[in-house]
Trainee: 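Quick one: this structure, given as structure tokens, is what I'll be asking you about.
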Number of protein chains: 2
Amino acid sequence: MKQEGTFLSLGIKKGTAMAEAPECPDCQRINEVLARVGDRWSVLIVISLSRYETLRFNELKRHLGISQRMLSLTLKELERDGLVSRTYHAVIPPKVEYSLTELGKSFREPVKVLGKWALDNLAAIDSARADYDITNELAAKAG
Amino acid sequence: MKQEGTFLSLGIKKGTAMAEAPECPDCQRINEVLARVGDRWSVLIVISLSRYETLRFNELKRHLGISQRMLSLTLKELERDGLVSRTYHAVIPPKVEYSLTELGKSFREPVKVLGKWALDNLAAIDSARADYDITNELAAKAG
DNA sequence: CTGCATCCAGGCGGATACTG
DNA sequence: CAGTATCCGCCTGGATGCAG
């Protein structure tokens, strides 16, 4: 895989708000912030657009393996949030192009950092999981 | 709010796998990777532990406003993934302490970068939303 | 081609009650 | 205190059908 385009996929549940008054006000802020651009498909779309500059609806769809429904919903959200710009060409058949705004482009950097960590540490996590699972299975048998 | 402790909250849906063969193999990787440590509560817990070093079960619970259920589930996952270490003290009443492993600590940096972006651009996103919504409402009235 | 509307399964996540 | 188990609502997200 290419390392130039490193990325990640976050994804906050937009529907679930935090409890009203946790002792960690910062955490509320964090949730609020990333509820905007932190869902699964948003990040993937930004990634794709950052690599291809401009993509049409079905190009994105094929590229990501996303359903029309989620693509449509997510693109609308991204456009609303000012990360993606939508250009409609009144031709037949219709042609709509999506690309990143400046705000959207600025999002690539943090995404890359987090993606790099994720990729770098995937093996460690897998290893830790394997150990944990083995220990657990043994404990289950012994118990 | 404090800017020293900047953070974020990602959150991948663990249950939903991507389509089998999208044209973007990287994206599959990304999903796989962050499905491990990218969910909503995991990040919040890592953030809390990074600031307090060690926290007990109910301390985390109060701090984050998280339910016992999700805290229990998420901590177990984080321990399994090697990000969090659990120390059980056989006293009465029971006492369990959670803290970050080295792997967990390494996760703080990317989290901080993404959190910083989120905080820096929250205003811009809000602004874009407001514009979008106003335009939409006007269009609806005009339509 | 580019969507929107609907239906439906599955998972997230809170509330509650109960155990050690 | 530190969990586990159960119930249940809500949202995500795919599949399908239809419209412009």
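Letters A, B, ... are given to chains in the order of the sequence lines, protein chains preceding strands, and every chain is numbered from 1.
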Trainee: Need one value for Lys76(B): base, sugar-phosphate or nothing, where a base atom within 4.0 Å counts as base even if backbone is also close, heavy atoms only.
Mentor: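 Sugar-phosphate contact only - Lys76(B) comes under 4.0 Å of backbone atoms but never of a base.
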
Trainee: Given the rule in the side-chain contact (heavy atoms from CB on, under 4.5 Å) test, do Leu71(B) and Phe57(B) qualify, once you have shown the distances and angles that lead to the verdict?
Mentor: CA-CA 8 Å; Leu71(B) 181 55; Phe57(B) 187 89; 3.8 Å; yes

Trainee: Under 4.0 Å between a side-chain N or O of Tyr98(A) and OP1 or OP2 of dC1(C)?
Mentor: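 Checking dC1(C) against Tyr98(A), no side-chain N or O comes under 4.0 Å of OP1 or OP2.
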
Trainee: Under a 3.5 Å distance rule, please check whether Arg51(A) uses its side chain to pair with a backbone N or O of Ser48(A) as donor and acceptor.
Mentor: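 Checking the backbone N and O of Ser48(A) against the side chain of Arg51(A), no donor-acceptor pair under 3.5 Å is found.
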
Trainee: Could you say whether Pro93(A) or Ser72(A) is positioned toward the 5' end of DNA chain C, judged by the nucleotide with the nearest heavy atom to each?
Mentor: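 With Pro93(A) and Ser72(A) compared, the 5'-side residue is Pro93(A).
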
Trainee: If you find the nucleotide of DNA chain D closest to Gln68(A) and the one closest to Leu73(B), which residue's nucleotide is nearer the 5' end?
Mentor: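 Nearest nucleotide further toward 5': that of Leu73(B).
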
Trainee: In this structure, how many angstroms lie between the P atom of dA15(C) and the CZ atom of Arg69(B), rounded?
Mentor: 12 Å

Trainee: Grab the CG-P distance between Leu55(A) and dT2(C) for me, whole Å please.
Mentor: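 Rounding to the nearest Å, CG of Leu55(A) and P of dT2(C) are 11 Å apart.
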
Trainee: So, is Arg86(A) near the phosphate of dG3(C), with a side-chain N or O under 4.0 Å from OP1 or OP2?
Mentor: yes

Trainee: Check the hydrophobic clustering (I, L, V, M, F, W, Y; side-chain heavy atoms under 4.5 Å; chains of links allowed) and say if Leu100(A) and Tyr132(B) are grouped together.
Mentor: no

Trainee: Would you kindly give the NE2-to-P distance between His89(B) and dA2(D), to the nearest whole Å?
Mentor: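 After rounding, the gap between these two atoms is 10 Å.
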
Trainee: How many Å lie between NZ on Lys95(B) and P on dG3(D), as a whole number?
Mentor: 13 Å

Trainee: Rounding to an integer number of Å, can you tell me how far Glu77(A) CD sits from dT12(D) C1'?
Mentor: 13 Å

Trainee: Measure from CG on Asp39(B) to P on dG14(C) and round the result to the nearest Å.
Mentor: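 Distance, rounded to whole Å: 12 Å.
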
Trainee: Going by the angle between their ring planes, with limits at 30° and 60°, are His63(B) and Tyr52(B) parallel, tilted or perpendicular?
Mentor: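 Aromatic pair His63(B)/Tyr52(B) classed perpendicular.
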
Trainee: Look at Arg129(B) together with Asp133(B) and state whether they make a salt bridge at an N to O cut-off of under 4.0 Å.
Mentor: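 Looking at Arg129(B) and Asp133(B), the cut-off is not met.
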
Trainee: Would you indicate which nucleotide in dC1(C), dG3(C), dG14(D) comes nearest to any side-chain atom of Met70(A)?
Mentor: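 Out of dC1(C), dG3(C), dG14(D), the nucleotide with an atom closest to Met70(A)'s side chain is dG14(D).
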
Trainee: How many whole angstroms separate atom CD1 of Ile66(A) from atom C1' of dG3(C)?
Mentor: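 It works out to 13 Å between those atoms.
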
Trainee: Below the 4.0 Å mark, does dT2(C) have OP1 or OP2 next to a side-chain nitrogen or oxygen of Arg56(A)?
Mentor: yes

Trainee: Nearest whole angstrom, please: distance from the C1' of dG14(D) to the CH2 of Trp41(A).
Mentor: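 Result: 10 Å.
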
